[in-house]
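Below: one structure, written as structure tokens.
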Amino acid sequence: MRVLSGIQPTGRIHWGNYFAAIRQYIDLQQGNESYYFIANLHALTTVREPKVLRQNTLDLAIDLLALGVDPGKATLFVQSDVPEVSELCWLLMTSTPMGLLERCHAYKDKKDKGIPADAGLFTYPVLMAADILGYDADVVPVGQDQVQHIEVCRDVADKFNHAFGEVFILPKAKVLDNAAKVPGTDGEKMSKSYNNTIEVFEPLKAMRKKVMRIATDSRPMEQPKEPEGDHLFQLYSLFVDDAKREEMAALYRRGGFGYGQVKTALADAAEAFFTPAHARREEYSANPKRVEEILADGASRARKKAGDVLKRAKKASGL
Ligand code: ADP
Ligand code: TRP
């Protein structure tokens, strides 16, 4: 299987990014050919400060390495280091119906709110399709919100194949049931744009504070509660094994507890879970040269693969 995914360097990564996407990267790098990249070209649609974009890109590379992306197994690189994909994006653009892009939510939401959108945002899904098709990826590990983009990718590939023969492999999204949509501190989807995130590399004290401030309802302590659908319980479940999860579920159903107790248990579990990655992050941060080398090596491997696919697509289309 060939696995590929990307994350935008638009800010520090949060629990939603980790449990939906990055955790899958780490599992899937074992025994598969895998490509993971930092989507700085996509980030240009929102980040307009060169210094910030550069810093975010390096930070995200360090985050991924600290969390367990292993350059001995996976190819880790920066999107803009592989120009072949941008060229492929043009070829795909000529097979992309406007209507398909008009329906995509990132563009549609902005348009519906009357916010002016640029062509970069409109064609965002085509570049994403080029990212995926350019490496012959079979599987794309992501959170639920990216599934629409992968459907667009399949449609674009299908149209191209229809015109020019079987050039591209149609990829599948891989979404984890228990982390398809991780809730934030307000119970809505955790997202950098909603100011409701808990970051993976937040100093542990600050992280505990955020956990203690997670919004809960005002039902009395003694009242039994349903764990299913409760966002605090959902977050706790991400960090613990089945036995601990069931123990907590039983406590909910029995009642007679305060949400403060659950928050403390969640903060303890999260702290234990991320402490080793925090330590590894320190090591990589102290050695940015090593990180640059890993990215350069990743880019050269990625260029080789994307170059082969681009050649195939150009030949098929008469270029
Ligand atoms: P954000 O929405 O915070 O800007 P990104 O768009 O950078 O996050 O997403 C990077 C990856 O993390 C994608 O695969 C996306 O589907 C996933 N993801 C982001 N937020 C969540 C969430 N709350 N639940 C599940 N997956 C998420
Ligand atoms: N659009 C994705 C996000 O916001 C990032 C991304 C860019 C991506 N290219 C990709 C994800 C290719 C998977 C495959 O999260």
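Because the structure is predicted, anything quoted here is derived from the model rather than measured. Atoms within each ligand, like the ligands themselves, are counted from 1 in listed order. Below, each value reflects all heavy atoms present in this structure, side chains not excepted, and no hydrogens, waters or symmetry copies.
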For ligand 2, the portion of [X] having any non-hydrogen atom under 4.0 Å away:
{"X": "I132", "value": "side chain"}
{"X": "V140", "value": "side chain"}
{"X": "D145", "value": "neither"}

Protein residues that have a heavy atom under 4.0 Å from any atom of ligand 1, sorted by chain and number =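 Within the 4.0 Å shell of ligand 1, which is judged on heavy atoms, sit I7, H14, G16, N17, A20, A21, V142, G143, D145, Q146, A179, A180, K181, V182, K189, M190, S191, K192.
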Would you call the rings of [X] and [Y] parallel, tilted or perpendicular, where under 30° means parallel and over 60° means perpendicular?
{"X": "F77", "Y": "Y135", "result": "tilted"}
{"X": "F239", "Y": "F19", "result": "perpendicular"}
{"X": "H105", "Y": "H149", "result": "tilted"}
{"X": "Y124", "Y": "H42", "result": "tilted"}

Flag side-chain contact, heavy atom, 4.5 Å: L28 against P141:
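Sidechains of P141 and L28: in contact.
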Provide the number and element of each atom of ligand 2 under 4.0 Å from a heavy atom of [X].
{"X": "F37", "value": "9 (N), 10 (C), 12 (C)"}
{"X": "D131", "value": "7 (C), 9 (N), 10 (C), 12 (C)"}
{"X": "S5", "value": "13 (C)"}

| request: Please check if any side-chain donor atom of S5 sits under 3.5 Å from a side-chain acceptor atom of Y25, or the reverse. | output: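 Looking only at side-chain atoms, Y25 and S5 do form a donor-acceptor pair, the distance falling under 3.5 Å.
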message: Under 3.5 Å, is there a donor on one side chain and an acceptor on the other for Y284 and E282?
response: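 Distance-only check fails for Y284 and E282.
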Nearest protein heavy atom with distance in Å, relative to [atom]:
{"atom": "atom 7 (C) of ligand 2", "result": "H42 ND1, 3.3 Å"}
{"atom": "atom 1 (N) of ligand 2", "result": "Y124 OH, 2.7 Å"}
{"atom": "atom 5 (C) of ligand 2", "result": "G6 O, 3.5 Å"}

May I ask you to check whether [X] has an N/O atom sitting below 3.5 Å from an N/O atom of ligand 2?
{"X": "H149", "value": "no"}
{"X": "Q79", "value": "no"}
{"X": "Q146", "value": "yes"}

Could you check whether any side-chain N or O of E87 sits under 3.5 Å from a backbone N or O of P83, counting only pairs where one atom can act as donor and the other as acceptor?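 Absent.
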* To do: Report yes or no: does T197 contribute a side-chain atom to a donor-acceptor pair with the main-chain N or O of E199 at less than 3.5 Å?
  =>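 Side chain of T197 to backbone of E199: no pair is present.
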- Query: Can a salt bridge be assigned to the pair K209 and E202 using a cut-off of 4.0 Å between side-chain N and carboxylate O?
  - Reply: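 So K209 does not pair with E202 through a salt bridge.
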Listed partners of N196 passing side chain to side chain contact (heavy atoms under 4.5 Å, CB included), at least two apart |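 Expected list: T185, D186, E188, M190, Y194.
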*For salt bridge (charged side-chain N to carboxylate O under 4.0 Å, His left out), just list the numbers for D230 and K225, CA-CA rounded to whole Å, side-chain angles, deciding distance to a tenth of an Å, and then say yes or no.*
CA-CA 9 Å; D230 180 83; K225 300 166 185 80; over 6 Å; no
